[in-house]
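Have a look at the structure below before the remarks.
In this chain, residues are counted from 1 in sequence order. Indexing begins at 1, ligand by ligand and atom by atom, following the structure's order.
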Amino acid sequence: MSERPTPPEIDRAAASRKAVAARRARASLKRDIATRVVSPQEVLRQAEADAGSPAGTLRITDFLTALPAIGESKRDRILDGLGISPVKRLGGLGARQRRALAAWLEERFPEPRARDARSRLIVLAGPTAVGKGTVAAHIKEHHPEILLSVSATTRKPRPGEVDGEHYYFVDDAGFDDLIARGELLEYATVHNAHRYGTPRAPIEKALAEGRSVLLEIDLQGARQVRDAAPDATLVFLLPPSWDELVQRLVGRGTEDDEERARRLRTAKVELASQNEFDYRVVNAEVADAAREVVELTKAFPRPS
Ligand SMILES: Nc1ncnc2c1ncn2[C@@H]1O[C@H](COP(=O)(O)OP(=O)(O)OP(=O)(O)O)[C@@H](O)[C@H]1O
Ligand SMILES: Nc1nc2c(ncn2[C@@H]2O[C@H](COP(=O)(O)O)[C@@H](O)[C@H]2O)c(=O)[nH]1
């Protein structure tokens, strides 16, 4: 027969259960911050209201790295600039530190207001064959309110591809003309092979009409859009695994061995850049990934 626990043992067991629950609550809060379920400003307000809450007991270091595009070295520079010690918890900040952090958050991750309920420019990028085109096509079919931009390219059409629907297929001279006339928002040579570019006019027209626009482009293009349109929302699509990515590329059967190898080399570089994006979405199921992209773009605006 087991002995009944003495009161101190009961206390220790209860304290340990409480600590586990608190750790879980903080982990869940970090996920909510990362996936934009809750704004960082709201978490800071919760921490101020209750220092013992999951928000209040969250370490400032964990809070910052839960934010998009903030890695450990950036986090340390931010803390340095704000004059906040990395050992602090959110609920333990002094009034001046809290004000400095709130001002920094508002500048980098402005909270949505009524005037922010406007059309958005959404960039979907990711490695070759991750399913960008498939997810974009799903969004086009199920969200006709979002305009899917049609790019210009110097690559030859694949079987079934229609000029003006899948791409505007142009030759090198035609592409040079588009650049010279300033008609492209961004352009790049992708996979060291062909040139691709985003026509500017249809995007400006759609945004002016209050429609959101989706661009399905490569990493170089995504970076150019971020510079040209800092309000754009950048989403990086990830494969469930590297092997699945290779399988999708091989299974698509649209490239020869040499082109596949070239694309996979580019894919490694692109995957290493995923932290530059506002959001990361894993494309395990097309419909889920498409829904996530659309939902994320309706969350609070991307950091500037
Ligand atoms: N969630 C998914 N599950 C299984 N297969 C998928 C999924 N999403 C896309 N695919 C398949 O993976 C292959 C590559 O998809 P897709 O052509 O859309 O990729 P992509 O990212 O646009 O590629 P690229 O950048 O090379 O143009 C296609 O055969 C597509 O049907
Ligand atoms: N920078 C841009 N990249 C683009 C654009 N349109 C498409 N792409 C990217 O090219 C590759 C290859 O496409 P594929 O149709 O030949 O398989 C893919 O990663 C696209 O995202 C664009 O306008 N600008």
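Rounded to the nearest 0.5 Å, atoms CZ (Arg260) and OG1 (Thr128) are 10.5 Å apart.
Below 30°, between 30° and 60°, or above 60°: for Tyr196 and His194 the angle between ring planes is above 60°, a perpendicular geometry.
Distance from atom 13 (C) of ligand 1 to its nearest protein heavy atom, with residue and atom name: Arg248 O, 3.7 Å. Remark: minimum distance from atom 8 (N) of ligand 1 to any protein heavy atom is reached at Asn283 ND2, 3.1 Å. In this structure, atom 19 (O) of ligand 1 lies nearest to the protein heavy atom Gly131 N, 3.2 Å. Protein heavy atom at the shortest distance from atom 22 (O) of ligand 1 is Gly133 N, 2.8 Å. Annotation: atom 18 (O) of ligand 1 to nearest protein heavy atom, Thr134 OG1, 2.5 Å. Scanning all protein heavy atoms for the shortest distance to atom 17 (O) of ligand 1 gives Arg252 NH1, 2.8 Å.
Under the side chain to side chain contact (heavy atoms under 4.5 Å, CB included) criterion, Val269 pairs with no residue at all, not counting sequence neighbours. Qualifying side chain to side chain donor-acceptor pair (under 3.5 Å) partners for Asp80, counting only residues two or more places apart in sequence or in other chains: none.
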Solution key, residues 59-69 side-chain donor-acceptor pairs under 3.5 Å, sequence neighbours excluded:
unit_1	atom_1	unit_2	atom_2	d
Thr65	OG1	Thr61	O	2.9
Thr65	OG1	Asp62	O	3.4

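Within 4.0 Å of ligand 2, counting heavy atoms only, the contacting residues are Lys132, Ser151, Arg155, Arg158, Tyr167, Glu186, Ala188, Val190, Tyr196, Gly197, Thr198, Glu216, Ile217, Asp218, Gly221, Arg263.
Counting atoms of ligand 1 from 1 in the listed order, those under 4.0 Å from a heavy atom of Val286 are 1 (N), 2 (C), 7 (C), 8 (N). Contact atoms of ligand 1 toward Pro127: 21 (O) (distance under 4.0 Å to a heavy atom of the residue).
No salt bridge links Arg211 with Glu209; every basic N to acidic carboxylate O contact stays at or beyond 4.0 Å. The residues Glu258 and Arg262 are annotated as not salt-bridged, no charged nitrogen and carboxylate oxygen being separated by less than 4.0 angstrom. Under the 4.0 Å criterion applied to side-chain N and carboxylate O atoms, Arg263 and Glu255 are assigned as salt-bridge partners.
The residue Ala136 has no part lying near ligand 1, judged by heavy-atom distances below 4.0 Å. Within the 4.0 Å heavy-atom criterion, the part of Ala284 lying near ligand 1 is the backbone and not the side chain.
Looking at heavy atoms from C-beta onward, Ile78 lies in side-chain contact with Ile70 at the 4.5 angstrom threshold.
There is a path of hydrophobic side-chain contacts, each under 4.5 Å, that joins Val135 to Val225.
Residue contacts with ligand 1: Ala129 is included, with a non-hydrogen atom under 4.0 Å away.
By the neighbour-count criterion of 12 heavy atoms within 6.0 Å, atom CZ of Arg24 is sparsely surrounded, having that number or fewer from other residues, nucleotides or ligands.
Taking distance alone, with nitrogen or oxygen atoms compared against 3.5 Å, Arg263 approaches ligand 1 more closely than that limit. Between Lys132 and ligand 1, a contact under 3.5 Å exists for at least one N or O pair.
Between the side chains of Arg280 and Asn275, a donor-acceptor pair is found at a separation under 3.5 Å.
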